> 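The following block contains the structure, expressed as structure tokens.
Given the structure is predicted, the values throughout are model-derived calculations rather than measurements.
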Amino acid sequence: MSSRLAAGNFPGAGALSSTGKLFALGLDVVVGIFQRPFQTREFIDQCWFISRVCILPAALVSISFGSVISLQLGSLIRQFGAQSFSGAASTLAVIQQAAPVICALLVAGAGGSAICADLGARTIREEIDAMEVLGVNPIQRLVVPRVLASILVSALLFGLVSIVGVAGGYYFNVVLQGVTPGAYVQGFSALSKPSDLLVGFIKAALFGLAAGIVAAYRGLNPAGGPKGVGDAVNQAVVITFILLFAINLVVTAVYLNLVPPSKF
């Protein structure tokens, strides 16, 4: 039995090994952030690329998300005769939940898949091995700028998605459902807090961190060959989505237990 455990043949050994390597890569990225020289040009290029492929889809998706949330919550709240709370309910739902999730899905689906494919192609062409032979740290040179770009773009996209989503919710609540603008704004200002916006930024940054690290890990460890790179891209997106909802659950639970809700 002990020999089997030592050989790593017990069930789940592969998953545990991959999880450990993923966390090890995350620690290497944290250490690489403080190493010099920092790859400023690579960081700017990655920020521009991820922003370019995510801004328009994020704006379009946020309109539909904000509209659906506002219509659904507005219809539900109207049944209780509390139309004045529709602004607070829809806006907080967009800022705390919808906006960070939209950012994570787009950064992971568009930016993360591109990062994984790029690093995977470099790996199967043995460019990563060549960099190590030359004494260049591929983590500090390639991975750190991409992870930091994912974090920054995700946090900035959160601001864009929040503005567009709240604007869409305002339009549908006020124009289509007849809520007065004053009641909409008053309900939001009475029940919202600056910490609601802060937790949204934290969620978006954590989602961007998870998307960047998972994409980099799968890109640096493909199964081999072009097919292995394609499989790695699919696995990176799926793993990131799973981590997204796990992180969202933990952060939301901690926030709701530590920060008392506002009273109207």
Side-chain angles (χ1 to χ4, degrees), residues 46-74 86-115 146-177 179 184-185 187-189 191-215 236-237 240-252 255-256 259:
Q46 293 300 317
C47 287
W48 169 244
F49 170 75
I50 299 175
S51 302
R52 182 163 49 86
V53 299
C54 292
I55 286 179
L56 182 59
L60 296 177
V61 171
S62 61
I63 294 175
S64 59
F65 256 87
S67 303
V68 169
I69 291 174
S70 298
L71 290 173
Q72 186 66 45
L73 290 178
S86 60
S90 60
T91 303
L92 292 178
V94 169
I95 292 177
Q96 289 191 12
Q97 302 298 329
V101 171
I102 291 173
C103 296
L105 295 178
L106 290 174
V107 170
S113 59
I115 291 173
R146 286 163 170 78
V147 173
L148 291 180
S150 299
I151 297 173
L152 178 61
V153 173
S154 182
L156 295 179
L157 280 179
F158 167 78
L160 171 66
V161 172
S162 298
I163 293 173
V164 177
V166 170
Y170 176 87
Y171 174 81
F172 279 90
N173 274 144
V174 173
V175 176
L176 298 183
Q177 293 186 326
V179 178
Y184 186 95
V185 175
F188 168 65
S189 60
L191 295 181
S192 63
K193 306 179 293 296
S195 58
D196 296 325
L197 188 63
L198 177 62
V199 74
F201 270 110
I202 293 175
K203 283 184 180 181
L206 290 176
F207 295 159
L209 174 65
I213 291 179
V214 171
V237 174
T240 303
F241 287 177
I242 295 173
L243 286 178
L244 152 69
F245 292 106
I247 294 173
N248 188 42
L249 173 62
V250 173
V251 175
T252 301
Y255 174 73
L256 293 179
V259 180

> Does the side chain of Lys203 reach to within under 4.5 Å of the side chain of Asn248, using non-hydrogen atoms?
yes

> Which heavy atom in Gly208 sits nearest to a heavy atom in Ser150, and how many Å separate them?
O-CB, 3.4 Å

> For residues Ala215 and Gly112, report the shortest heavy-atom separation together with the two atoms involved.
CB-O, 3.2 Å

> To the closest 0.5 Å, what do you measure between CD1 (Ile213) and OG1 (Thr240)?
10.0 Å

> Quick one: does any side-chain atom of Ser154 pair with a main-chain N or O of Ala204 as donor and acceptor, under 3.5 Å?
yes

> CD1/Ile247 to CD1/Ile242 distance, rounded to the nearest 0.5 angstrom?
12.0 Å

> List the atom of Cys54, the atom of Leu157, and the distance in Å for their closest heavy-atom pair.
CB-CD1, 3.6 Å

> For the side chain of Ser51 and the backbone of Trp48, is there at least one donor-acceptor N/O pair under 3.5 Å apart?
no

> For Val153 and Cys47, which heavy atoms make the closest approach, and how far apart are they?
CG2-O, 3.7 Å

> When rounded to the nearest 0.5 angstrom, what is the spacing between CG in Leu209 and CG in Leu243?
10.0 Å

> For a 4.5 angstrom cut-off between non-hydrogen side-chain atoms, does Phe207 reach Cys103?
no

> What distance do Leu60 atom CG and Leu56 atom CG have between them, rounded to the nearest 0.5 Å?
4.5 Å

> Can you name the nearest heavy-atom pair linking Phe49 to Ala114, along with the distance?
CE2-CB, 3.3 Å

> Using the ring pair (Phe, Tyr, Trp, His ring centres under 6.0 Å) criterion, which residues pair with Phe241? Sequence neighbours excluded.
none

> By side chain to side chain contact (heavy atoms under 4.5 Å, CB included), which residues pair with Ala205, not counting sequence neighbours?
Ile151

> Heavy atoms only: give me the nearest Gly111-Ile50 pair and the separation to one decimal.
CA-CG1, 4.3 Å

> For Leu156, give me all partners under side chain to side chain contact (heavy atoms under 4.5 Å, CB included), at least two apart in sequence or on another chain.
Leu152

> As a quick check of understanding, evaluate side-chain contact (heavy atoms from CB on, under 4.5 Å) for Phe158 and Leu197, giving each step before the final call.
CA-CA 10 Å; Phe158 167 78; Leu197 188 63; 3.7 Å; yes

